[in-house]
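A quick note: this is a predicted structure, and the numbers were derived from the prediction, not measured. Reminder, nothing fancy here: chain letters follow the sequence lines and each chain counts from 1.
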Number of protein chains: 2
Amino acid sequence: MADNDRVPTNSRTDSSKTRNSKAAHGKPAGPAPARRRELLATAAEVFAAQGYNATTVRRIADEAGLLAGSLYYHFDSKESMLDEILSTFLDELWAGYDAVLAAGLGPSETLQALVTESFREIDRHRPAVAIYQKESRHLAAQPRFAYLAASQRRFEKLWLGTLERGVAEGAFRADLDARLTYRFVRDTVWVAASWYRPGGRHHPEEIARQYLSMVLDGIAVRT
Amino acid sequence: MADNDRVPTNSRTDSSKTRNSKAAHGKPAGPAPARRRELLATAAEVFAAQGYNATTVRRIADEAGLLAGSLYYHFDSKESMLDEILSTFLDELWAGYDAVLAAGLGPSETLQALVTESFREIDRHRPAVAIYQKESRHLAAQPRFAYLAASQRRFEKLWLGTLERGVAEGAFRADLDARLTYRFVRDTVWVAASWYRPGGRHHPEEIARQYLSMVLDGIAVRT
DNA sequence: CTCCTTCCCTAACAAGTGTTTGGTAGGTTA
DNA sequence: TAACCTACCAAACACTTGTTAGGGAAGGAG
């Protein structure tokens, strides 16, 4: 993703005796060891539940069954865990969106495909999405997380553009403020991560279907 | 509010020489001095911007133009500031909702009145709403903030009940999952606090009107 | 066997945290 | 004038935080 080709600000000396730092050119080192991903998964779970700042590295270590210091064999810092969780999520998200765009659909179909894809991403990355929701606003101010702001701008361009194209082509109502509509649609989709539980009654596609039915046709009975 | 008649867990000795603690029976002491409300307002602003845990009392003091220790002349603890911010907001919110209910309207009109009232509350208590959004989930686990969970239950009963009554009376579509609809409606209303800025282009009533138009009639052009 | 790598532990450190204590300038009251 | 209250400051305290340094057990490779 063009938005994510930043290099992590690695302030510590890269001893190259541990594998806790990313490779020099962006992505995590090599085949991303299985243990590393396990630890990231539990860290994401705790971050999502307690909030990033309220989570101590000792809590993460407890949950993972090791001691706090041992985490630093795998990762540079607590912040780099957060970084890796968020950036891998965003990479996958944009891969999915780009696939939708490549299909070259009309506005209404594009909107539906984007919404469906979004709920699928929530299903796959629920903790990451929850963290993104809670922390992205004040994280985006930090240089290290500048890619969050970049992603958000690209996000707005994509969704708002789709809505406006739909209005121009007569698929969507013209009497609604497009920016307001964009915010409502965006928020409602992503806030679902706060209550969605994988393996529950509704699978992502069913939630997307109901959501789209509501947004497109409204909840009022047509008279 | 029946939900809020808790007594703050005041672990410290109540010297009664300072006025930093609440009166024995629930609400803040007496006429709630002006200075106290000023400080609470700036605290709420910082909490909303940075997150509660990421905010230090020294930062609040800086913003208010005094030293960290001086805050403890007015308040028991950092946590009690948060408590007072959230509980006063919820009290006012429910006062507004109760006024709507007292009008005895039909389901659709009740929904519209509730949404409008909600956006008015966001206009008045934007920082408190933002804090509530970010922190309420993991705060509700603490005994001191049990009233958050109670309020949430009452909230669900009110909104879900209104939706179901509307379905029963033929005002709302029957083919939508009521609980899913409730979550979408609820989230979209309250997340607005994260981007809403008082004094902007749209006043609360205008936002409520557009939002209701979208939720009730949908964004698609009727064919 | 020895060497090396992987993964973790023990033990500590320095910075930052919420909070307390004692004091004090300035205004109000007696 | 003297006593008192309000609202703050200055300085510290106890504790938690993220992080580091050094060492060691297990296991495969030579």
Once you round it to whole Å, what is the distance between [atom2] of [N] and [atom1] of [X]?
X       : N      : atom1 : atom2 : result
A:Glu38 : C:dC7  : CD    : P     : 11 Å
B:Arg35 : D:dA7  : CZ    : P     : 9 Å
A:Leu71 : C:dC7  : CG    : P     : 14 Å
A:Leu66 : C:dT6  : CG    : P     : 17 Å
A:Arg37 : C:dC7  : CZ    : P     : 14 Å
B:Phe75 : D:dC8  : CZ    : C1'   : 14 Å
B:His74 : D:dT6  : NE2   : C1'   : 9 Å
B:Tyr73 : C:dT19 : OH    : P     : 18 Å

Check whether A:Tyr182 forms a cation-pi arrangement with A:Arg186 (NZ or CZ under 6.0 Å from the six-membered ring centre, at most 45° off the ring normal).
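Output yes; distance and angle both within limits.
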
Does the Lys NZ or Arg CZ of B:Lys78 fall within the cation-pi geometry relative to B:Phe47 - under 6.0 Å from the ring centre and within 45° of the axis?
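Cation-pi check for B:Lys78 and B:Phe47: fails.
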
Which heavy atom of B:Glu45 sits nearest to which heavy atom of B:Pro127, and what is that distance?
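B:Glu45 and B:Pro127 have their closest heavy atoms at OE2-CG, 3.7 Å.
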
Of all the heavy-atom pairs spanning B:Val191 and B:Gln133, show the shortest one and how long it is.
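Here B:Val191 and B:Gln133 meet closest at N-OE1, 3.1 Å.
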
Is the shortest distance from a Lys or Arg side-chain nitrogen in A:Arg36 or A:Glu84 to a carboxylate oxygen in the other one below 4.0 Å?
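Yes.
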
Ion pair B:Glu156/B:Arg153, N-O distance below 4.0 Å
no

Looking only at side chains, do A:Asp91 and A:Tyr147 share a donor and an acceptor under 3.5 Å apart?
no

Given protein heavy atoms under 4.0 Å, the one-letter contact record of nucleotides 10-18 of chain D, with B base, S sugar-phosphate only and - none, is simply S-B----BB

Report yes if the side chains of A:Met81 and A:Leu71 come closer than 4.5 Å at any heavy-atom pair, otherwise no.
yes

Which range-with-range stems can be found for DNA chain D when each stem has 3 or more Watson-Crick or G-U pairs in a row and both distances sit under 3.5 Å?
C:1-30 with D:1-30

Do the rings of B:Phe155 and B:Tyr97 sit parallel, tilted or perpendicular, given the 30° and 60° boundaries?
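B:Phe155 vs B:Tyr97 ring planes: tilted.
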
